Amino acid sequence: MEGDEAEKVIRIAGSITVDELAQALGLAVTTLIGELFKNGIVATINQRLDFETAEIMIQELGMTNVRLERKNTTSKITDRVTRELSKDAVPRPPIVAVMGHVDHGKTTLLDTLLHKKTVESEAGGITQHISAYQLEYDGRKITFLDTPGHEAFAAIRQHGAMLTDIVVIVVAADDGVKPQTVEAIKFAQGANAKIIVAINKIDREGADVPRTMADLSAHGLQPEEWGGDVMMLPVSAKTGEGLEKLLEAILLVADVEELKADIDIPAEGLVIESHMETGKGSVVNLLVTGGELKVGEFVTAGGSYGKVRTMLDFKGKPRGKAGPSTPVTITGFKELPNFGDRFLERKDEKAARKAALLYAQGAADEAASANVTSTDLLRMMNVEDNSKIFNVIIKGDVLGSVTSVVDSLKMIDTKGEVTLNIVATGVGDVTENDVYMAAGDGNTVVYGFNVNVPTNIAKLAARDGVAIRNYRVIYELLDDARDSMEKLLGEEIVETEVGEMKVMGVFRVTKTELIAGGQMLKGKLVPRVLARVRHGKELLGEAEVESVQKERIEAKELIENEIGGLAMKTEKKLNLAIGDRLEFFTREKRQRKLGE
């Protein structure tokens, strides 16, 4: 615990035990357990609370002088595989992540370099996965990672940055620095990667390279031309102009960094993506960072293990081995490893199985101990604020997609009015089990992202009343989820002021009818609007306007400063008098919006 008497700062990683939190807060542990009990949580002294739950409890205890902060620890997803190099380490190709704002031309730039069309296969023309490629220039290899640019793929982009030696940030010369450009800069700096800027689309009308450089300078990237240390190169992904200079710059930075790796060690690296394929089983994209991975070797990644049955390069051609900085696709894992897991070569199947089992047991113990989550607590505490729960099951084509969908759903701002409850996630097509799980709850939506819904599963879902919504573009999925959560909020009555009249004559007053005339002070008057009848500050009641007249002829409207008459329908007698005011308005039901 840090800080002074004015404010206490408690820094925790992912979770903290009840006992540890009580000590940090200076409370008796029984006091904290009692507060948890009041909120529906029966906790033990060693039970773990996640960050959000601990934060909620501090608020519930009224400790305004205590602030909770996350420790700056690195998650499994963002761990860079680093090791002390031996004297026998050899030079390796640089690993380059290409990042930037959506539509600024990252994938087109790579397509031009690699002479291939990748974006055509992506839904909506937006990169939705990390794709790894390798090209040769001037007799040397360079490994590229193409990362998504859409805002919903922050998790994948961060994953890409943390794998990377060099980040090429692509900025359109006719559009300048955008939010995802800034995000890419932060990721690259956080990963301690070297940055090169490719100022793209210089062939377009409106391209302004100096202005773009000035924008980048304002965000902490100083161009070499202006005395800084960041190379900024004008390029055109469309025409190819400047791309050779970009490749030369990448190799120059690689030389300065003296990138090396050991070969004579067990192979190691990171899982970039993983998915299931019919007839192949688990298909895993790996990036080797050390040693040499060979067909036939046993490997582990997190709690998964297997024997490398097949190995393909990024072009889909078979290969027998892969050295450092090489992206490959392998089959042979018995279960899908997780997005971002570190993989390691093992000496035999027995060693691989044991290592995977130990990892899985440790992960299970950690999950079991941290079983009080903020979602659970909020669900138990939401009786007062009447918030709703939106249950979802997420199925994606690869684990990276699932991670991004989940992270993006959590970022939808509901102002605490709707609680998102992720019932389950998984990789692969929607299955019978997904439908049964959703049907058991009775109010769960199954979202598919880039997966198939077999006909028999669709029929089963229709029979059981389960909604399956399948998308190929992530922001369409997020829009659907937002709409669904808004529907849980229900409707609200909205009143809109449209005009005001000063009464200058009263011609008829009964229990059900009012006929009067006057001058419009503001706005306008049309039939079928409602009117508040005011005598000074006193509200006499409401009426509905049935017709409007101007110069004794029925009219469609009266506008400001015009004089006219009106007939109104009332539910009780309103003693309208000269000098009273009529406030005209509309009243309608409207679907509530999140955050309103």
Side-chain angles (χ1 to χ4, degrees), residues 77 102 121-130 148 150-157 159 273-277 336 338-339 373-375 378-379 387-414 417-489 591 593-595:
I77 285 182
V102 66
S121 64
E122 296 278 359
I126 298 171
T127 306
Q128 305 198 99
H129 305 97
I130 285 185
H150 187 265
E151 62 185 356
F153 288 91
I156 289 184
R157 278 200 302 283
H159 178 61
E273 285 291 3
S274 61
H275 65 279
M276 299 296 291
E277 274 188 35
L336 278 182
N338 287 322
F339 171 65
T373 68
S374 56
T375 300
L378 282 171
R379 196 182 307 167
S387 65
K388 309 294 184 181
I389 299 174
F390 182 49
N391 298 313
V392 295
I393 294 172
I394 310 297
K395 297 301 292 285
D397 55 342
V398 294
L399 280 169
S401 295
V402 174
T403 301
S404 280
V405 170
V406 170
D407 287 352
S408 301
L409 285 172
K410 289 178 178 178
M411 287 168 65
I412 295 176
D413 186 7
T414 68
E417 293 182 292
V418 178
T419 299
L420 175 71
N421 180 34
I422 297 171
V423 177
T425 62
V427 174
D429 294 343
V430 179
T431 65
E432 190 174 323
N433 187 54
D434 297 325
V435 175
Y436 286 148
M437 196 184 305
D441 178 83
N443 186 30
T444 298
V445 175
V446 179
Y447 280 115
F449 182 63
N450 275 333
V451 298
N452 295 315
V453 182
T455 304
N456 63 314
I457 300 301
K459 288 180 179 177
L460 179 65
R463 187 198 74 185
D464 292 352
V466 172
I468 299 177
R469 301 171 190 169
N470 202 17
Y471 291 93
R472 283 178 50 76
V473 179
I474 192 168
Y475 52 77
E476 292 176 358
L477 185 156
L478 298 177
D479 286 345
D480 183 289
R482 176 181 288 277
D483 289 344
S484 297
M485 285 191 269
E486 285 180 343
K487 285 175 183 175
L488 291 176
L489 295 175
Q591 176 62 54
K593 300 291 185 183
L594 288 174

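These numbers come from a predicted model, not from an experiment.
With sequence neighbours excluded, the residues that form a salt bridge (Lys or Arg N to Asp or Glu O under 4.0 Å) with D480 are R469.
You'll find the side chain of R482 reaches within 4.5 Å of the side chain of E486, heavy atoms only.
Closest of all the heavy-atom pairs between I468 and A461 is CD1-CB, 3.5 Å. Of all heavy-atom pairs between A481 and L409, the closest is CB-CD2, 3.4 Å. Annotation for L336 and S274: closest pair CD2-CB, 3.7 Å, computed over non-hydrogen atoms. Across every non-hydrogen atom of T444 and N391, the tightest pair is OG1-CB, 3.3 Å. Closest non-hydrogen pair, N470 versus F449, comes out as OD1-N, 3.7 Å.
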Between side-chain atoms of residues 428-435 and protein atoms elsewhere (two or more places apart, or another chain), which donor-acceptor pairs fall under 3.5 Å?
from, atom 1, to, atom 2, distance (Å)
D429, OD1, N452, N, 3.0
T431, OG1, N433, N, 3.4
T431, OG1, D434, N, 3.3
T431, OG1, D434, OD2, 3.1
E432, OE2, Y436, OH, 3.1
D434, OD2, K395, NZ, 2.7
D434, OD2, T431, N, 2.9

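Evaluated for a side chain to side chain contact (heavy atoms under 4.5 Å, CB included) with V423, the options I394, V445, V446, I393 yield exactly one hit, I393.
The aromatic rings of Y447 and F390 lie perpendicular to each other, with more than 60° between the two planes, well past the 30° mark.
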